[in-house]
Colleague: 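Have a look at this one before I ask anything.
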Amino acid sequence: MGSTSAHNNEGLGRRDLIKRSAALGLIAVPTMSFLSACASGDSGGDEKVDKGKKTEKNPLGVNESAPLEIVIFDGGFGTKYAEDAKAVYQKTYPKAQIKFSSTQKIRSQLQPRFNGGTPPDLIDNSGAEQMDMGVLVGKKQLTDLTPLLDATSIDDPSKKVRDTLRPGIIEMGQFDGDPVWIMYYAYTVYGVWYSETALEKLDATYPENWDDMLAVCAKAKKKGIAGWTYAGKHPYYLPFSLYPFIAKIGGREVLDKIDNLEPNAWSDPAVKAAFEAYYELYKKGYILKGTPSIDHIQSQTAWTKGKALFIPNGSWVENEASKTMPADFKLAVGAPSGLDSSDKLPFGTIWASGGEPFIVPKSAKNPDGGMEQLRIMLSEASSKNFTQSVKSLTALNGGTEGIELTPGLKSASAALEKAGENVVNPRLQDWYVKLQKEQIGVAGLGEMMAGRATPAETIKKIQGFADAAAKDQSIKHYRHQ
C-alpha cells in the first residue's frame, strides 16, 4: 500500500498514517469580511407593476401586459432551453414585452443593478461569477418563492408545484426557516466522469477503492495517459468528487460540521485521509501536466481527447463537452472510489443536488412574472425539452418518460439508483460562495493539487478561512437543522 504522506513512511498502512497525523493545528488569520457586498440596499426597488387577476390558469395573478426581464447564465447548459420557455410565456401573455439576455459575467453585470435597486425579474445565478447566495439571503435581497410552490402545477391543477419536485429541491432553497429563496432548476449528479471506452482499452474497470484507483492510474501512465485532470483555474470543481469521498470515509456528519463552520471541522481524520489520497495523485505524477493552468473547457477537451482518464465534474459536462466528445466515448459517471473497507458509507455514495439556481430579486418590478416563468419551466413539456436539449435532469420529479436517455444521463440515473439513501448534499457552495470557491477551492485545493502546499498545510489554511467566516459578524451564518 503506497504512502499517502509527503514523507517516506514505509510499512505503515494508509489508515495508520491518517490516525498518526490526525491532530492538526490551526493558524491564526485576521478576521475579515471577505464576502462580496453584492447587495447593499433597497434603493429605488419598490416600483412594482400592478397585480393581475388570479384565475385557474393564472394562479400567481400575473399582470398580463407587464414587461418581464430575464437574465440567463450562458454556461454548460446554454440558453436555448430558457429561450424556449420564454416563448411559452410570450404565447401565454402576448401583451408582455420580454427582455431576454445571457451572460457569463453574472456578478459584474448584475451586482451594480442590485445595488441600485433595478435588478431583472428572473436571474439564473450561476457560473464562476455567481453572486453570493448567502449574502443575498442574509441582506433580504430575494423574493420568497413560496407563492410559486403553492401555485397549481401547469400539468395537473390538482397538484401544487411543490408536489411535483424532486426530494431535497425545496430544502436546498431554504437557508433559515420556511421561506424558499432559490429554485434550483437542474438536478445535477456530481462525481468522477470517465469514458468506458478508455477504460476498456486499458482492460480496466472503474475502481471502487483508492488502491485500485492508483493501480488504474499507473496502468494509464505507462500508456502515456494521465489518470486525472480538472479545471485548474477553477479548482472548486475538485470538491464535486472530494466532498462525497470525505463523507464516504467518515460519514455525512463530517460534511455537516464543515458546512456549520464548526471549530476543527477540517481536522477530522476523514478530511486528512481524503486530502492525502488526492495529493498522492500529484506526487505519483498521475495529474495531466499543465492542469493547474487550464480552465474547465480546456480540461474537458483534454479529457475527451483521451489525454486523461478521470475528471471531477457535474452532469452538465455531457452537454458542455459534446463538441469534442467522440461518438464511441461511452460517457459515464462514477461515485468516488472509497479509501478502504473501514469507510463508514458504502461505495456508491455520491453528491447529487439541485443545480442552476434561479432567483427572483426582492426589488424586481415584476416578481410574479419571474415566478410564472419558473412555473412554466417546471412543466413536463419544458422539463423534457431541457433534458433532451442539454442531457440533464431537472427539478421536476419525472419528466423523462418517452425520452431516450443519452449515455451520461443514463449513467447518472443509474448512479442515483445505486446510491439510494447515500446521497450527500454539501451546502458550502450556496451558503458561503466565496469561502467555497476562492478560498477552499483556489487558495486551498488549487495550491495543494499543484504541489505548492502539503495536505497538512492546506487543511490549516482552509480551517483558518472557515474560522474567519464563522467569526465574521457582517455575514449571516447558517446551520443544518
Colleague: Go through Asp472 and Ser474 one step at a time and tell me if the side-chain hydrogen bond (donor to acceptor under 3.5 Å, both in side chains) criterion holds.
Modeller: CA-CA 5 Å; Asp472 190 344; Ser474 71; 2.6 Å; yes
Colleague: Would Trp193 and Phe310 satisfy side-chain contact (heavy atoms from CB on, under 4.5 Å), going step by step from the backbone distance to the final call?
Modeller: CA-CA 6 Å; Trp193 292 79; Phe310 304 113; over 6 Å; no
Colleague: For a quick test of reading the model, state the closest non-hydrogen atom pair linking Val333 to Gly191 and the distance between them.
Modeller: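 The answer is CG2-CA, 4.0 Å.
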Colleague: Just verifying a value: how many Å separate Tyr243 OH and Asp259 CG, rounded to the nearest 0.5 Å?
Modeller: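 Those atoms lie 8.0 Å apart.
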Colleague: When you compare the side chain of Leu309 with that of Leu202, does any pair of heavy atoms fall below 4.5 Å?
Modeller: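 Side chain of Leu202 against side chain of Leu309, heavy atoms only: contact under 4.5 Å found.
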Colleague: Let me confirm one number: the CZ-CD1 distance from Phe358 to Ile72, rounded to the nearest 0.5 Å.
Modeller: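 Atom-to-atom, Phe358:CZ and Ile72:CD1 are 4.0 Å apart.
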Colleague: Is there a donor-acceptor contact under 3.5 Å from the side chain of Ser413 to the main chain of Leu409?
Modeller: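 Here the side-chain-to-backbone pair exists.
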Colleague: Between Glu253 and Lys344, is any pair of side-chain heavy atoms under 4.5 Å apart?
Modeller: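 Yes; the side chains approach each other to less than 4.5 Å.
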Colleague: If we only count heavy atoms from C-beta on, is the Val71 to Leu122 side-chain gap below 4.5 Å?
Modeller: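 No; the side chains remain at least 4.5 Å from each other.
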Colleague: Hey, what do you get for CG (Leu165) to CG (Leu149), rounding to the nearest 0.5 Å?
Modeller: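 Nearest 0.5 Å value for the CG-CG distance: 6.5 Å.
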Colleague: Could you verify whether a donor N or O on one side chain and an acceptor N or O on the other, from Thr291 and Thr229, lie under 3.5 Å apart?
Modeller: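 Their side chains do contain a donor-acceptor pair, which is all the 3.5 Å distance test asks for.
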Colleague: Give a yes-or-no answer on whether the side chains of Thr458 and Glu447 include a donor-acceptor pair shorter than 3.5 Å.
Modeller: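 There is no such pair (donor and acceptor under 3.5 Å, judged by atom type) between the side chains of Thr458 and Glu447.
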Colleague: Looking only at non-hydrogen atoms, find the nearest pair between Ile459 and Lys272 and report the distance.
Modeller: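 Heavy-atom minimum between the residues: CD1-CA, 3.9 Å.
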Colleague: Give the intermediate values and the outcome of ring-ring contact (aromatic ring centres under 6.0 Å, His included) for residues Tyr478 and Phe175.
Modeller: CA-CA 7 Å; Tyr478 306 97; Phe175 279 59; 4.9 Å; yes
Colleague: Please report the shortest heavy-atom distance between Ala466 and Leu435, naming the atom on each side.
Modeller: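 For Ala466 versus Leu435, the nearest heavy atoms are N-CD1, 4.1 Å.
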Colleague: Given side chains that start at C-beta, do those of Phe73 and Thr79 come closer than 4.5 Å, heavy atoms only?
Modeller: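 Phe73 vs Thr79: side chains apart.
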Colleague: Can a donor-acceptor pair be found, under 3.5 Å and without considering hydrogens, that links the side chain of Ser389 to the backbone of Asn385?
Modeller: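 Side chain of Ser389 to backbone of Asn385, a donor-acceptor pair under 3.5 Å: yes, one is there.
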Colleague: At their closest point, which heavy atom of His477 faces which heavy atom of Ala469, and how far apart are they?
Modeller: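 Shortest heavy-atom contact: NE2-O, 2.6 Å.
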Colleague: Report the distance from atom CD of Gln130 to atom CE of Met133, rounding to the nearest 0.5 Å.
Modeller: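 The CD atom of Gln130 sits 4.5 Å away from the CE atom of Met133.
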Colleague: Measuring centre to centre across the rings, with the benzene-like ring taken for any Trp, is Trp303 within less than 6.0 Å of Phe329?
Modeller: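 Yes, they do, as the ring centres are separated by less than 6.0 Å.
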Colleague: Heavy atoms only: give me the nearest Pro239-Pro244 pair and the separation to one decimal.
Modeller: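 Heavy-atom minimum between the residues: O-CD, 3.5 Å.
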Colleague: Using a strict cut-off of less than 4.0 Å between a Lys/Arg side-chain nitrogen and an Asp/Glu carboxylate oxygen, indicate whether Glu404 and Lys410 qualify as a salt bridge.
Modeller: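 The answer is no: the pair does not qualify as a salt bridge.
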Colleague: Under the criterion side-chain contact (heavy atoms from CB on, under 4.5 Å), I'd like the reasoning laid out for Asp430 against Gln436: C-alpha separation, chi angles, the key distance, then a yes or no.
Modeller: CA-CA 9 Å; Asp430 46 281; Gln436 164 68 9; over 6 Å; no
Colleague: Over all heavy atoms of both residues, which pair between Leu214 and Leu281 is shortest? Give the atoms and the distance, please.
Modeller: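 Shortest heavy-atom separation between Leu214 and Leu281 comes out as CD2-CD2, 4.1 Å.
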Colleague: Are the side chain of Ser195 and the backbone N or O of Ala198 linked by a donor-acceptor pair below 3.5 Å?
Modeller: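 Yes, because the side chain of Ser195 sits within donor-acceptor range (under 3.5 Å) of the backbone of Ala198.
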Colleague: Could you walk me through whether Lys80 and Asp84 pass the salt bridge (Lys or Arg N to Asp or Glu O under 4.0 Å) test, one step at a time?
Modeller: CA-CA 6 Å; Lys80 187 178 183 303; Asp84 291 344; 2.9 Å; yes
Colleague: Is it true that Arg479 and Glu262 make a salt bridge, defined as a side-chain N closer than 4.0 Å to a carboxylate O?
Modeller: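 A salt bridge links Arg479 with Glu262.
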Colleague: Check whether the side chains of Gln174 and Asp178 place a donor and an acceptor atom closer than 3.5 Å, and report yes or no.
Modeller: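 No pair is found: no donor N or O on one side chain lies under 3.5 Å from an acceptor on the other.
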Colleague: Return the orientation label for the Phe77 and Tyr81 ring planes: parallel under 30°, perpendicular over 60°, tilted otherwise.
Modeller: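 Judged by the thresholds at 30° and 60°, the geometry between Phe77 and Tyr81 is perpendicular.
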Colleague: Would Ser337 and Glu208 count as having a side-chain donor-acceptor pair, cut-off 3.5 Å?
Modeller: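 Note: Ser337 and Glu208 side chains miss the donor-acceptor criterion.
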Colleague: Can you tell me if Tyr185 uses its side chain to pair, donor with acceptor, with the backbone of Met377 under 3.5 Å?
Modeller: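 Yes, because the side chain of Tyr185 sits within donor-acceptor range (under 3.5 Å) of the backbone of Met377.
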Colleague: In terms of relative ring orientation, are Trp431 and His480 parallel, tilted or perpendicular, with 30° and 60° separating the classes?
Modeller: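 The arrangement is tilted - the two ring planes meet at 30° to 60°.
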Colleague: Would you call Phe275 and Ile462 a side-chain contact if the rule is heavy atoms closer than 4.5 Å?
Modeller: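 Result yes, sub-4.5 Å side-chain heavy-atom pair found.
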Colleague: Apply the test side-chain contact (heavy atoms from CB on, under 4.5 Å) to residues Ile170 and Arg162: give CA-CA distance (whole Å), side-chain angles for both, the deciding distance (0.1 Å), then the verdict.
Modeller: CA-CA 8 Å; Ile170 291 175; Arg162 66 170 66 246; 3.6 Å; yes
Colleague: Salt-bridged, Lys330 to Glu200, with N to O below 4.0 Å?
Modeller: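 So Lys330 pairs with Glu200 through a salt bridge.
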Colleague: Quick one: pull up CD1 in Ile475 and NZ in Lys139 and give me the separation to the nearest 0.5 Å.
Modeller: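 The NZ atom of Lys139 is 10.0 Å from CD1 of Ile475, to the nearest 0.5 Å.
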Colleague: For residues Leu110 and Pro120, determine if any side-chain heavy atom of one lies less than 4.5 Å from a side-chain heavy atom of the other.
Modeller: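 SC-SC contact between Leu110 and Pro120 confirmed.
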Colleague: Quick check against the 3.5 Å criterion: does Asp74 have a side-chain atom that pairs as donor or acceptor with the backbone of Gln104?
Modeller: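 Judged by distance alone, no pair lies under 3.5 Å.
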Colleague: So, does Asp132 use its side chain to make a donor-acceptor pair with the main chain of Val135 at under 3.5 Å?
Modeller: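 Such a contact is found between Asp132 side chain and Val135 backbone.
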Colleague: Report yes or no: does Ser383 contribute a side-chain atom to a donor-acceptor pair with the main-chain N or O of Thr394 at less than 3.5 Å?
Modeller: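 It does not hold such a pair.
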Colleague: Name the one of Phe465, Tyr432, Trp266 that satisfies side-chain contact (heavy atoms from CB on, under 4.5 Å) with Ile440?
Modeller: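 Only one of Phe465, Tyr432, Trp266 forms a side-chain contact (heavy atoms from CB on, under 4.5 Å) with Ile440, namely Trp266.
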Colleague: With side-chain hydrogen bond (donor to acceptor under 3.5 Å, both in side chains) as the rule and sequence neighbours excluded, what pairs involving residues 304-329 come up?
Modeller: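 For residues 304-329, and leaving out neighbouring residues, the side-chain hydrogen bond (donor to acceptor under 3.5 Å, both in side chains) pairs sorted by first residue read Gln300-Asn313, Gln300-Glu320, Thr304-Thr324, Asn313-Trp316, Glu318-Thr406.
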Colleague: Is the backbone of Gly290 close enough, under 3.5 Å, to the side chain of Ser293 for a donor and an acceptor to pair up by distance?
Modeller: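 Answer holds: yes.
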Colleague: Has the side chain of Thr400 got a donor or acceptor atom that lies under 3.5 Å from a matching backbone atom of Ile403?
Modeller: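 Answer holds: no.
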Colleague: Mind running side-chain contact (heavy atoms from CB on, under 4.5 Å) on Val189 and Leu416 for me, showing each step along the way?
Modeller: CA-CA 8 Å; Val189 176; Leu416 281 174; 3.8 Å; yes
Colleague: Rounded at 0.5 Å granularity, tell me how far CE in Met449 sits from CG in Leu238.
Modeller: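 Reported value, rounded in 0.5 Å steps: 6.0 Å.
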Colleague: Tell me whether Gln373 contacts the main-chain N or O of Gly370 through its side chain, where contact means a donor paired with an acceptor under 3.5 Å.
Modeller: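 The answer is no, because no donor-acceptor pair under 3.5 Å joins these two groups.
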Colleague: Quick check: do Tyr230 and Ile287 have side-chain heavy atoms less than 4.5 Å from each other?
Modeller: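 Yes, their side chains come closer than 4.5 Å.
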Colleague: Check Lys476 with Asp176, please: is the shortest side-chain N to carboxylate O separation under 4.0 Å?
Modeller: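 Result for this pair is yes, salt bridge flagged.
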Colleague: With under 30° as parallel and over 60° as perpendicular, where do the rings of Trp210 and Tyr278 fit, or are they tilted in between?
Modeller: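 Correct class here is parallel.
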Colleague: With a 4.5 Å heavy-atom cut-off, do Ser353 and Arg427 have their side chains touching?
Modeller: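 The answer is no, as the side chains (C-beta and beyond) never meet within the 4.5 Å cut-off.
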